[in-house]
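Chain identifiers are assigned alphabetically (A, B, ...) following the order of the sequence lines, protein sequences preceding nucleic acid strands; residue numbering begins at 1 within each chain. Treat the numbers as computed from the prediction; the structure is a model and nothing was measured.
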Protein chains: 2
Amino acid sequence: MEKSSVLTVLSALAHDTRLDVFRLLVRAGPEGMTAGSLAATLDIRSNTLSNNLVILSAAGLVRSAREGRAIRYFARMEQMRDLLGFLMEDCCGGQPELCQPVLDQITCPC
Amino acid sequence: MEKSSVLTVLSALAHDTRLDVFRLLVRAGPEGMTAGSLAATLDIRSNTLSNNLVILSAAGLVRSAREGRAIRYFARMEQMRDLLGFLMEDCCGGQPELCQPVLDQITCPC
DNA sequence: TCCATATTTCATGTATAATGGAAATGATTG
DNA sequence: CAATCATTTCCATTATACATGAAATATGGA
């Protein structure tokens, strides 16, 4: 993962509402949630949520699929996994072999 | 880990220079680096670095120890581990037992 | 004590991001 | 095709974060 992508992902998550949205989608799992139910659950205006969903999408943290009139959002766990990989890499004074086996385990069945 | 702490940590890392500083300290391992060598390595002014070190310290991502005239900084891997734990928790539609064994592996010998 | 070195603190101008009202788009229903 | 619902886009205001110059603090050495 490139550093610029990492910064985009971290900036996207470093926001009160967006962190809530992302975690809600993580909890929702493969079912995801529509923009409307996200807004209702978190009690935020639709346009504010929309702006934040754009930012999460641009960061690759969520994906969306139209479903009739609504649009359903899903967390992209791969992106999270790649972020964790970047943050942990080259750990421990240039001896990645100490951490690599651990990083290899960071996968999620989602 | 509390959500407010998570936001503080993410905000601290979501910054070009601070991400460089943190990763440099991660690579440096237990030896750490002085503020001066960090500034020289990254080619940034001392007061700019200092401001950023304050932010990283407040987020619990680094710790420091005076060493003569210099001050030596170290990455706090525990904080990173806790962050990862928070981001992954309650994964997969409220079935944490799917991810918990994975999270339990996220430890670093640093 | 006086000076040099290392780092931090303060104050400030500027750039960037966040919110929310209003309007626009896209999709379904009658 | 009009009406309605879900969501997004546009825009203006406000708030926040950033880098920097200058000054202050702390340590070690002459």
Side-chain angles (χ1 to χ4, degrees), chain A residues 3-25 28 31-76, chain B residues 3-25 28 31-76:
Chain A
K3 190 186 152 202
S4 64
S5 306
V6 171
L7 285 172
T8 304
V9 172
L10 289 169
S11 299
L13 287 177
H15 181 278
D16 191 59
T17 299
R18 289 195 296 265
L19 185 57
D20 282 342
V21 169
F22 181 72
R23 296 191 80 220
L24 214 44
L25 291 176
E31 281 187 34
M33 288 177 73
T34 62
S37 61
L38 283 168
T41 303
L42 296 174
D43 192 28
I44 50 180
R45 312 200 179 229
S46 60
N47 56 353
T48 298
L49 174 64
S50 182
N51 287 332
N52 286 321
L53 285 172
V54 166
I55 292 170
L56 286 170
S57 297
L61 284 166
V62 305
R63 65 183 174 84
S64 60
R66 181 167 278 280
E67 187 180 279
R69 286 197 275 219
I71 295 181
R72 187 169 290 271
Y73 283 85
F74 309 87
R76 296 207 338 118
Chain B
K3 191 186 150 201
S4 63
S5 305
V6 170
L7 284 173
T8 304
V9 172
L10 288 170
S11 298
L13 287 177
H15 181 278
D16 191 61
T17 300
R18 289 195 296 266
L19 185 57
D20 282 343
V21 169
F22 181 71
R23 296 191 79 221
L24 214 44
L25 290 177
E31 281 187 34
M33 288 177 74
T34 62
S37 61
L38 283 168
T41 304
L42 297 173
D43 191 27
I44 51 181
R45 310 195 182 231
S46 61
N47 54 355
T48 297
L49 173 65
S50 182
N51 287 332
N52 287 321
L53 284 172
V54 167
I55 292 170
L56 286 169
S57 297
L61 284 166
V62 305
R63 66 182 174 82
S64 61
R66 180 168 279 279
E67 188 180 277
R69 285 197 275 216
I71 295 181
R72 187 168 288 272
Y73 283 86
F74 310 87
R76 295 207 339 119

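Legend: residues meeting side-chain hydrogen bond (donor to acceptor under 3.5 Å, both in side chains) with T34(A), ordered by chain and number and at least two apart, are S37(A). In this structure, the salt bridge (Lys or Arg N to Asp or Glu O under 4.0 Å) partners of E67(B), at least two apart in sequence or on a different chain, are R72(B).
Here the side chain of S50(B) pairs no donor or acceptor atom with the backbone of S46(B) at under 3.5 angstrom. Side-chain atoms of R66(A) come within 3.5 Å of backbone atoms of G68(A) as a donor-acceptor pair (strictly under, hydrogens ignored). The closest donor-acceptor contact from the side chain of R76(A) to the backbone of R63(A) lies at 3.5 Å or more, if one exists at all.
Shortest non-hydrogen contact noted between L49(A) and A35(A) is CD2-O, 3.1 Å. Shortest non-hydrogen contact noted between G32(A) and F74(A) is CA-CD2, 3.6 Å. In plain terms, the two heavy atoms of L61(B) and A12(B) that are nearest each other are CD1-CB, 4.0 Å.
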Wobble G-U and Watson-Crick pairs count when both distances are under 3.5 Å; given that, what is the 5' to 3' dot-bracket string of DNA chain C, with | for pairing to other strands? ||||||||||||||||||||||||||||||
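Listed by residue number, T34(A), A35(A), G36(A) are the residues of residues 34-42 of chain A with a heavy-atom contact under 4.0 Å to DNA chain D.
Between L13(B) and V6(A) the shortest side-chain heavy-atom distance does not fall below 4.5 Å. Residues L10(B) and L19(A) have side chains in contact (heavy-atom distance under 4.5 Å, counting atoms from C-beta outward). Using a 4.5 Å cut-off on side-chain heavy atoms (C-beta onward), L24(A) and L42(A) make contact. M33(A) is listed as a side-chain neighbour of T41(A), based on a closest heavy-atom distance under 4.5 Å. Looking at heavy atoms from C-beta onward, L38(B) lies in side-chain contact with L25(B) at the 4.5 angstrom threshold.
Rounded to whole Å, the distance from CG on D16(A) to P on dA15(D) is 18 Å. The CG-C1' distance, from L49(A) to dT7(D), rounds to 9 Å in whole Å.
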Where protein sits on nucleotides 16-30 of chain D, one letter per nucleotide: B base, S sugar-phosphate only, - none, heavy atoms under 4.0 Å: --SSBBB---SBB--
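In the 5' to 3' direction, nucleotides of DNA chain C lying under 4.0 Å from heavy atoms of chain A begin and end at dA18(C) to dT28(C).
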